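Worksheet for the structure shown next.
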Amino acid sequence: MSLLSRRSGKLPRMRKLSLRRSRIISVLDVGSSKITCLIARLRPCDETETLPNRTHRIDVIGVGHQRSRGIKSGVVVDLEAAEQSIRFCVDAAERMAGVTIESLIVSVTAGRLKSLRGRAETQLAGPQVSSEDLKRVLGMSARAPIEDGRLVLHSIPFDLSLDGETGLENPEGMVGRALGADLHLLTAEETPLRNLEAAVNRSRLVVEAFVATPFASGLSCLVDDEAAMGSACIDMGSGSTTIAIFQNGRFVYADSVALGGNHITMDLARGLSIRPEHAERLKVMHGTTMSELMDDAETIQVEPLGDDGGEVPITVARSLISRIIKPRVEETLELIRDRLVASGLGHVIGKRVVLTGGASQLAGLPETARAIMQRNVRLGRPVGVSGLSAANKSPAFATSVGLLIYPQVATSEHFAETAGAGFGFDETSQLGRFGAWLRHSF
């Protein structure tokens, strides 16, 4: 059955984790430069070990990497090529883990992510706040108007109030008259999501849930104090840069900038007339944003652009490489700074900014970010998982690890029953998901 013929269903949502049984979770981080699949066993923590937003220990048992093909800035541009990349990536992870997977939690960068606020207030049915009162007001606030052609990815309560008193964590049992709720609704365009789902389905896999890349990166890189006090997590990928703002431990805002590490690579390729793959190697091994520290006498030989292979290598000063890189980095950071200001939440994050993602590993980037954004900046690496090699604990894997953490916080989301059109699955897919549940749970 085709995707177009089964659009009457809802967007797939993460099912609740058991606090008594282990479960196998598989995730797929779809980027512009690489696709990563992680398979992990989530084991329930003892009561004494439970941390905020952490109910399970994560042990990675399978890892797969594949060069991303058919994907540009998170958008599927070649369905067949994307399907092949996903197949090879998942196959590598399955062979390492010794299991066969049927469903995936998939990252979403495309779709012009947009944050909205849902707000509602209701009179209590009795003198005290009941679970039904709480469910009703959350459902009302989740029914904020959504533009046509967009879907709700996340719907996260970030503030509850009782008779005007805000900042409540759990008002059940409290005495009052009117209960209010504020939700962060993150939406994305429908078409890019459907095409991404199609690429996954063609690989004979089912999307278990979609998770926004900035949300996942924040979950894996922000420590509890940073998320509670308010921080921004900036994920610098190959095709785009995403922004996530956390306040009181909750995801409250997201945005994106259509600039990333690949734009720096292409600037070098054009500026030096070299192949993109040579430019990428040059950026990683010799690139820096600190051009003022480079000596013009320090040079590097690179292969020029050409087909016959007979060209003589050209000599390039390291300072020239830096002077090509720096303007693009500054442009990206200035756009991020302006987006943070436009969010109206600059006071929330204060001086706390965490950089992550593959492109954030460029030498000198944190220092340049501090100067442009006038905030304290640190490089964020994923934490809270075991079984990953040192190479896979780099900022480039922040989103992948965050996708493994997401099932533990998914229950905090609250979606309206009538929230926009979503994704449907035919009977075969439903049975496939049920079969996967039986295999992983028993």
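The structure presented is a predicted model; accordingly, all values stated were derived computationally and were not measured.
Arg87 and Glu80 are not joined by a salt bridge, as no carboxylate oxygen comes within less than 4.0 angstrom of a charged side-chain nitrogen. Checked for salt-bridge contact, Asp91 and Arg95 meet the test: a charged N lies under 4.0 Å from a carboxylate O. For Arg23 and Glu208, the salt-bridge test passes: some basic side-chain N is under 4.0 Å from an acidic carboxylate O. Using a cutoff of 4.0 Å between basic side-chain nitrogens and carboxylate oxygens, Arg337 and Glu334 are not scored as salt-bridged. Checked for salt-bridge contact, Lys114 and Glu147 meet the test: a charged N lies under 4.0 Å from a carboxylate O. By the 4.0 Å N-to-carboxylate-O rule, Arg117 lies too far from Asp182 to be salt-bridged with it. Arg352 has no carboxylate O lying under 4.0 Å from a charged side-chain N of Glu226, or vice versa, which leaves the two without a salt bridge. Arg339 has a carboxylate O that lies under 4.0 Å from a charged side-chain N of Asp255, or vice versa, which qualifies the two as a salt bridge.
Side chain of Arg370 to backbone of Leu365: no donor-acceptor contact under 3.5 angstrom is found. With Thr36 contributing its side chain and Ser400 its backbone, the two residues share no donor-acceptor pair below 3.5 Å. Gln408 places a side-chain N or O within 3.5 Å of a backbone atom of His56 that can act as its donor or acceptor partner. Under the 3.5 Å distance criterion, the side-chain polar atoms of Ser155 are left unmatched by any main-chain donor or acceptor of Glu413. With Ser343 contributing its side chain and Leu345 its backbone, the two residues share a donor-acceptor pair below 3.5 Å. A donor-acceptor pair is defined here as one N or O able to donate and one able to accept, closer than 3.5 Å; no such pair exists between the side chain of Ser322 and the backbone of Ser319.
Going from atom CG of Asp78 over to atom CD of Gln84 covers 9.5 Å, rounded to the nearest 0.5 Å. Residue Thr332 holds its OG1 atom at 6.0 Å from CD1 of Ile264, rounded to the nearest 0.5 Å. Rounded to the nearest 0.5 Å, atoms CD1 (Ile86) and CZ (Arg202) are 10.0 Å apart.
The two residues Pro304 and Pro313 come nearest to each other via the heavy atoms CD-CA, 4.0 Å. Heavy-atom minimum distance, Val63 versus Met96: N-SD, 3.3 Å. The two residues Leu38 and Val401 have their closest heavy-atom pair at CD1-N, 4.2 Å.
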Return a table of donor-acceptor pairs under 3.5 angstrom between the side chains of residues 354-364 and protein atoms on other chains or two or more places apart.
from   : atom 1 : to     : atom 2 : distance (Å)
Thr356 : OG1    : Gly380 : O      : 3.0
Thr356 : OG1    : Pro395 : O      : 3.4
Ser360 : OG     : Thr356 : O      : 3.4
Ser360 : OG     : Gly357 : O      : 2.6
Gln361 : NE2    : Gly358 : O      : 3.3

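A donor-acceptor pair shorter than 3.5 Å can be found between the side chains of Thr399 and Ser217. A donor-acceptor pair shorter than 3.5 Å cannot be found between the side chains of Ser32 and Ser238. Side-chain contact annotation: Ser115 with His184, donor-acceptor N/O pair under 3.5 Å present. In this model, a donor atom of one side chain and an acceptor atom of the other lie less than 3.5 Å apart for Thr213 and Thr109. Asn262 and Thr265 are not linked by any side-chain donor-acceptor pair at a separation below 3.5 angstrom, with hydrogens and angles left out of the test. Checking Ser107 against Asp29 by side-chain atom types alone, a donor-acceptor pair falls below 3.5 Å. Remark: the Thr100 side chain and the Glu94 side chain contain no N/O donor-acceptor pair separated by less than 3.5 Å.
Screening Phe210, Tyr253, Phe251 for a ring pair (Phe, Tyr, Trp, His ring centres under 6.0 Å) involving Phe215 leaves a single residue, Phe251.
Counting heavy-atom neighbours within 6.0 Å of Phe158 CZ, excluding the residue itself, gives a total above 12. Atom CZ of Arg323 is surrounded by more than 12 heavy atoms from other residues, nucleotides or ligands within 6.0 Å.
Ring-centre distance between Tyr406 and His154: below the 6.0 Å cut-off.
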